[in-house]
Amino acid sequence: MNALAATSRNFKNAARILGLDAKIERSLLIPFREIKVECTIPKDDGSLVSYVGFRVQHDNARGPMKGGIRYHPEVDPDEVNALAQLMTWKTAVADIPYGGAKGGIGCTPGDLSLSELERLTRVFAQKIHDLIGTHTDVPAPDMGTNAQTMAWMLDEYSKFHGHSPAVVTGKPIDLGGSLGREAATGRGVVFGTEALLAEYGKSCKGLTFVIQGFGNVGSWAARLIHERGGKVIAVSDITGAVKNPNGLDIDELVKHKESTGSLLNFNGGDNMDPNEVLIHECDVLIPSALGGVLNRENASSVRAKFIVEAANHPTDPEADEILSKKGVIILPDIYANAGGVTVSYFEWVQNIQGFMWDEEKVNNELQRYMTQAFHNIKNMCKTYDCNLRMGAFTLGVNRVARATNLRGYEA
Ligand code: NAD
């Protein structure tokens, strides 16, 4: 099932549980605005090349729309649509005053030089600058984009609208980025995991963790779990997988990865088959790489007690059912990986205030938001007798529906 079908299915289940009026349900599903633009740039050799850029603005009932911009060859309107919708529910679950959006350009960033990427980003910004803004739609980095991409977007946008640091988040610190943003998603994953484990009288200390993906999110989650005395017993990335039943030394593994470019042949562990990672016995499994990795082929072999969805859509709906029947507790993506957008919100607040927070304040506020959101999800689970995924969806959808109703429908 593709991302749009899975997200819409979860939304519809939540709408049914909440007893939403069918007309409101339909209005919440249809995106506020879908933008598709042609982006033509001269390549370094002087030839012209054209790409298609998208921005889907899903909903703005609770505030400016918020979401990443990805550069990837498989960016397609359906997926951007699903991810924009997911951002609407995610920002509502985190209780930050935003709606949802997502965008992207269908390109292979690795095939473009730095100056080609800059030209492409500036052309895209020129095409959409009238439709984004500090109080309208605030882009951020996503797959294939980074702080530099946001710096170019900010610069191009400012040519039309004057200095506007809060128009994008995930910026370099020198241009108004927030301290703590780089680690925020992984840190949020760990705060969410701690809140979940506390419900069962447990903490990270002494438990075993397996992490798929060792990029920004996975490596930060691993570092912070290791710091708290959790045993990260297996880790994988695109280069392979490594395990140690007594716990990997994550700081050393990060150094090894930096120096060799690979997780393989690490002194403090043994290489393992990457296909075994998701079914390796552990207390907590944290998929932090790709969507759809837990599916009907492998779900019944999963041996974790808890799954924390750091990646977007790691569990497809069939796997969700199989795992729930096995009694595996799943902390859903719309909550578990909300730390990034929450610190993006802090960045926006700091830009609007013209005042920079220290990293301790950023991390403390992040913990407060993640812990509060977890308790709000649990309350929905109790009220509607549902699992954490439906607890999160009902929480998010209900907040957006309430805001929509309060605004009214008069033209
Ligand atoms: P990243 O590109 O930094 O890291 C991705 C990691 O996945 C890399 O280590 C890569 O080697 C690994 N990977 C790729 N294919 C793999 C495979 N087949 N098997 C095992 N590992 C594989 O990306 P990221 O920013 O860490 O994002 C990871 C996930 O988290 C994505 O699903 C993303 O949408 C989601 N997410 C990220 C953020 C954020 O702030 N970065 C926020 C919310 C959600």
Side-chain angles (χ1 to χ4, degrees), residues 3 7 66-72 74-75 79-80 82-84 86-87 89-91 93-94 100 102 104 109-110 139-147 149-150 169-171 177-178 180-190 192 210-223 234-243 250 253-254 256-258 260-264 272-280 285-295 298 308-316 331-347 366 370:
T7 304
K66 185 89 192 86
I69 289 184
R70 59 175 56 173
Y71 289 178
H72 193 273
E74 276 151 37
V75 162
E79 199 192 12
V80 177
L83 294 168
L86 208 58
M87 287 305 295
W89 317 134
K90 190 181 291 188
T91 54
V93 168
K102 202 79 172 189
D142 199 85
M143 262 157 56
T145 55
N146 55 28
T149 322
M150 294 303 112
T169 60
K171 299 179 289 290
S178 178
R181 176 62 187 87
E182 196 212 325
T185 305
R187 194 177 293 279
V189 165
V190 175
V210 167
I211 301 182
Q212 183 195 44
F214 204 61
N216 173 282
V217 179
S219 70
W220 273 107
R223 267 182 261 200
V235 164
S236 71
D237 74 356
I238 194 79
T239 64
V242 61
K243 66 177 174 184
I250 300 299
L253 186 60
V254 169
H256 172 79
K257 172 81 201 279
E258 275 167 10
T260 66
S262 167
L263 290 177
L264 294 175
M272 72 183 283
D273 177 354
N275 297 319
E276 296 286 309
V277 165
L278 294 168
I279 56 173
H280 199 64
L285 172 66
I286 310 186
S288 318
L290 311 168
V293 292
L294 294 167
N295 46 48
N298 60 8
V308 176
E309 294 183 335
N312 282 320
H313 284 301
T315 315
D316 78 17
L331 197 62
D333 51 3
I334 56 165
Y335 164 70
N337 66 31
V341 72
T342 302
V343 174
S344 271
Y345 163 56
F346 300 159
E347 180 177 332
L366 175 60
M370 289 302 295

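Just so you know, ligand 1 is whichever comes first in the structure, and atom 1 is the first atom listed for that ligand.
At a 3.5 angstrom cut-off on N or O pairs, I238 counts as close to ligand 1. Where the criterion is an N or O separation shorter than 3.5 Å, residue side chain and backbone included, G218 fails it with respect to ligand 1. On a distance-only criterion, K90 and ligand 1 share no N/O pair closer than 3.5 Å. In terms of polar-atom proximity, L290 is not counted as a contact of ligand 1, lacking any N or O under 3.5 Å from an N or O of the ligand.
Under the rule for a ring pair (Phe, Tyr, Trp, His ring centres under 6.0 Å), the partners of H256 that lie at least two apart in sequence or sit in another chain are F266. Scored by the side-chain hydrogen bond (donor to acceptor under 3.5 Å, both in side chains) test, S344 finds T169, R181 as partners (sequence neighbours excluded).
Of the protein's heavy atoms, none falls inside 4.0 Å of atom 2 (O) of ligand 1.
Under a 4.0 angstrom heavy-atom cut-off, A310 registers as being in contact with ligand 1.
Residue V217 has at least one heavy-atom neighbour below 4.0 Å for each of these atoms of ligand 1: 24 (P), 25 (O), 26 (O), 27 (O), 30 (O), 37 (C), 38 (C), 39 (C), 41 (N). Within ligand 1, counting atoms from 1 as listed, the ones closer than 4.0 Å to a heavy atom of T185 are 38 (C), 39 (C), 40 (O), 42 (C), 43 (C).
Using a 4.0 Å cut-off between heavy atoms, Q212 contacts ligand 1 through its side chain alone, with no backbone atom that close.
Summary of contacts: the protein heavy atom closest to atom 33 (C) of ligand 1 is N312 ND2, 4.2 Å. Atom 6 (C) of ligand 1 has its closest protein heavy atom at G215 N, 3.8 Å. Annotation: atom 32 (O) of ligand 1 to nearest protein heavy atom, A289 O, 3.0 Å.
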